Amino acid sequence: MTFVESMRRALNSPSFKFIIVVILTLALTIPLLFVYGLLYERESYSNAAKREIGEMWGGPQTIAGPFLVVPTEQRVELTTTGSSAAGAAQPVSVRTEIRRKFAVFLPETLTIAPDMQSEVRRRGIFEVPVYRAKIRISGSFVAPEQRRIAQAADRILWSEAVLVSLISDVRGIKSTAEIKIGEGPARKFRAGVGLAGLNTRGIHVPIPEADATGGFTFAYDLELNGSTAFNVTPAGGDTIVNMTSDWPHPSFAGSFLPESRSISDAGFEARWAIPRLARGQGQVRHVQQLRPLATEMQFGVQFFQPVRFYSLAQRALKYALGFIAIAFFAVFIMEIQSRTRVHWIQYIFTGLALVIFYVLLIGTSEHIGFDRGYLSASVATSVLIGIYFGSVIRSVGRGLAMFTVLALIYGLLYLLLRLEDYALLVGSIAAFVLIATVMFATRNVDWSTGAAPTLGGSKPSNA
């Protein structure tokens with residue numbers, strides 16, 4: 001046998017074709033990366049729509065407080081040193097600097113009762129859940145414990161005391177809020193936190209010195225617009241949150257889960273009771289900023305949307321290369337068992353059709369939902385490849401067999417997407433069954449001999 005004949009036999013052998021199939025499978029990583037880019041772009045558009053609606057309606061809201069905030073002053077002597085002729089350091093001048101910080105007293109008891117009415121707003125094809133919240137906030141302050149603050153401050157300015165309620169997005173406030181302190185008349189909140197040096201979003205009301213030093217009760221209502229999420233912080237010594245909403249798909253998140261909850265198609269109710277020991281912090285702080293308190297151990301609810309087609313499509317893409325390989329090997333097995341060769345260009349067309357499936361999935365899911373989008377994309381791809389493969393090898397039966405294989409592949413992929421907790425178990429069993437099927441289907445193949453004759457003919461063509 002001449003060298004040319006040996007090379008021709010090797011190039012027409014099933015083993016060489018197998019290598020070509022593996023190379024083509026890996027090469028399809030490139031178009032899959034473009035699909036990843038498309039998915040990222042569409043998801044970015046969706047997030048941009050949420051931000052735009054949040055800017056106009058109100059973004060995710062976090063309520064913190066109220067806090068009793070009192071400025072403090074501490075005199076610090078600063079000495080400037082210089083060098084003497086002998087080189088020894090010696091004081092040159094002494095100046096006094098007044099440093100300003102803030103004593104923050106947390107309420108002894110705090111009850112927050114938000115009632116949220118939800119709706120869905122649209123920006124183009126994207127939907128964003130928003131809500132109108134009516135929030136009742138009440139509680140009490142006891143006489144502040146001044147000993148801890150007095151150790152770190154020379155002067156406590158009780159005359160400048162303010163009650164501050166921190167709100168993450170004050171643009172969502174839709175009515176003038178009034179607070180009732182003790183038995184006194186209702187007073188209107190003012191914009192901002194009311195103290196120079198505290199660059200934090202919120203509202204405030206001045207507190208008389210007698211109330212600030214002696215303790216008081218408070219109660220006020222907020223009307224607040226927001227979107228996608230609502231959170232509170234456990235600012236009280238004992239914090240109770242009773243939350244109600246007509247949104248049927250809540251996702252509770254944060255540092256604490258509700259003690260009790262009730263979820264139905266009409267909405268949900270949830271209750272949190274956070275004792276002071278669970279917070280792990282005292283009732284008195286001495287800080288320069290209130291920002292750390294605004295998100296400390298926050299908890300609440302996210303307005304979950306059950307149709308998460310972008311995350312599902314992203315998970316489907318993670319399995320893409322494996323499922324393309326399965327489809328290619330199915331074509332390869334049917335090819336070596338038939339008398340017709342499938343050219344490597346035809347493998348490329350088949351692979352591109354499998355990649356286009358994910359583009360169809362993303363495009364249709366945005367308009368008709370993930371389930372129907374997945375069904376339409378998988379049926380269209382399976383029918384296309386089944387007809388194409390059947391016409392290539394001139395066998396209706398093998399075309400139907402290819403359609404069945406793809407239908408099983410897409411059914412398995414859908415099962416993996418939906419059974420998230422059992423995806424590894426189902427996937428490992430499926431992989432074992434598939435490799436066993438390939439092993440036994442090719443057990444009688446002579447990998448070193450020439451391949452079957454070409455379509456219509458006499459002589460085998462190069463792979």
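Small disclaimer: the values here were computed from a predicted structure and weren't measured.
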Drop me the distance from Tyr374's OH to Leu413's CG, to the nearest 0.5 angstrom.
3.5 Å
To check you understand the geometry: which heavy-atom pair defines the closest contact between Gln302 and Ala253, and what is its length?
NE2-CB, 4.3 Å
Could you report the tightest heavy-atom contact between Ala377 and Leu360, atom names first, then the distance?
CB-CB, 3.8 Å
So which heavy atom on Val301 is nearest to which on Asn231, and how close?
N-OD1, 4.0 Å
Are more than 12 heavy atoms, taken from residues, nucleotides or ligands other than Arg136, located less than 6.0 Å from that residue's CZ atom?
yes
Can we call the ring centroids of Phe256 and Trp272 under 6.0 Å apart?
no
From Leu222 CG over to Ser165 OG, what is the distance, rounded to the nearest 0.5 angstrom?
5.5 Å
Is a side-chain N or O of Arg315 found less than 3.5 angstrom from the main chain of Leu416, in a donor-acceptor match?
yes
Report yes or no: does Ser365 contribute a side-chain atom to a donor-acceptor pair with the main-chain N or O of Ile362 at less than 3.5 Å?
no
On the 0 to 90° scale, with breaks at 30° and 60°, tag the Phe303-Trp247 ring pair as parallel, tilted or perpendicular.
tilted
Would you say Arg276 has more than 12 foreign heavy atoms packed within less than 6.0 Å of its CZ?
yes
Ring centers of Phe357, Tyr410 separated by less than 6.0 Å
yes
Would you say that Ile385 contacts Met402 through its side chain, given a criterion of any heavy-atom pair below 4.5 Å between the two side chains?
yes
Derivation and outcome, side-chain contact (heavy atoms from CB on, under 4.5 Å), residues Thr62 and Asp169
CA-CA 8 Å; Thr62 299; Asp169 191 352; over 6 Å; no
Under 3.5 Å side-chain donor-acceptor pair for Tyr414 and Asp371
yes
Looking at every heavy atom in both Ala327 and Ile409, which two are closest together, and how far apart are they?
N-CD1, 4.0 Å
Arg372 side chain to Ile368 main-chain N or O, any donor-acceptor pair under 3.5 Å?
yes
Hey, are Glu269 and Arg271 close enough for a salt bridge, meaning a charged N less than 4.0 Å from a carboxylate O?
no
Going by distance alone, is a donor N or O of one side chain under 3.5 Å from an acceptor N or O of the other, for Gln61 and Ser168?
yes
Taking all atoms of both residues into account, what is the closest heavy-atom pair of Phe102 and Pro71, and its distance?
CD2-CA, 3.9 Å
Do Ile63 and Ile137 come close enough that some side-chain heavy atom pair is under 4.5 Å?
yes
Kindly compute the distance separating CD (Glu41) from CD (Glu43), expressed to the nearest 0.5 Å.
12.0 Å
Judged by atom type as modelled, is there a donor-acceptor pair below 3.5 Å linking the side chain of Gln346 to the main-chain atoms of His343?
yes
Any chance CD1 of Ile345 has more than 12 other-residue heavy atoms, nucleotides or ligands included, within less than 6.0 Å?
yes
Given side chains that start at C-beta, do those of Ser245 and Asp115 come closer than 4.5 Å, heavy atoms only?
no
Walk me through it: do Val104 and Leu68 pass the test side-chain contact (heavy atoms from CB on, under 4.5 Å)?
CA-CA 6 Å; Val104 180; Leu68 178 61; over 6 Å; no
For Phe323, what residues pass the ring pair (Phe, Tyr, Trp, His ring centres under 6.0 Å) criterion, not counting sequence neighbours?
none
Return the CG to CG distance between Leu28 and Leu321, rounded to the nearest 0.5 Å.
7.5 Å
Check whether any side-chain heavy atom of Phe252 sits under 4.5 Å from a side-chain heavy atom of Ile263, and report yes or no.
yes
Between CD on residue Gln117 and NZ on residue Lys134, distance to nearest 0.5 Å:
8.0 Å
Would the number of heavy atoms belonging to other residues, nucleotides or ligands and lying under 6.0 Å from NZ of Lys174 be above 12?
yes
Applying side-chain contact (heavy atoms from CB on, under 4.5 Å) to Val120 and Val128, what does each step give before you reach the verdict?
CA-CA 6 Å; Val120 175; Val128 181; over 6 Å; no
The test is side-chain contact (heavy atoms from CB on, under 4.5 Å); show your working for Val405 and Val331 and say whether it passes.
CA-CA 10 Å; Val405 169; Val331 174; over 6 Å; no
Tell me, do Val130 and Asn225 make a side-chain contact under 4.5 Å, heavy atoms counted?
no
Closest non-hydrogen atom pair between Ser255 and Met297, with its separation:
OG-CA, 3.2 Å
Residue pair Tyr347 / Phe332, side-chain heavy-atom distance below 4.5 Å:
yes
Proximity of Phe105 and Phe67 rings by center, below 6.0 Å
no
Under 30°, 30 to 60°, or over 60°: which ring-plane class applies to Tyr220 and Phe189, parallel, tilted or perpendicular?
perpendicular
CZ on Arg171 to CH2 on Trp57, rounded to 0.5 Å:
13.5 Å
Could you check whether any side-chain heavy atom of Leu39 comes within less than 4.5 Å of a side-chain heavy atom of Tyr358, counting everything from C-beta outward?
no
For Gly192, does its backbone N or O pair with a side-chain atom of His204 as donor and acceptor, under 3.5 Å?
yes
What I want to check is whether the side chains of Asp238 and Thr109 have a donor and an acceptor closer together than 3.5 Å.
no
Using modelled atom types only, decide if a donor and an acceptor are shared between the side chain of Ser378 and the backbone of Leu375 within a distance under 3.5 Å.
yes
Find out whether Phe34 and Val355 are in side-chain contact, i.e. whether some heavy atom of one side chain is under 4.5 Å from a heavy atom of the other.
no
Donor-acceptor under 3.5 Å (Thr29 side chain, Leu26 main chain):
yes
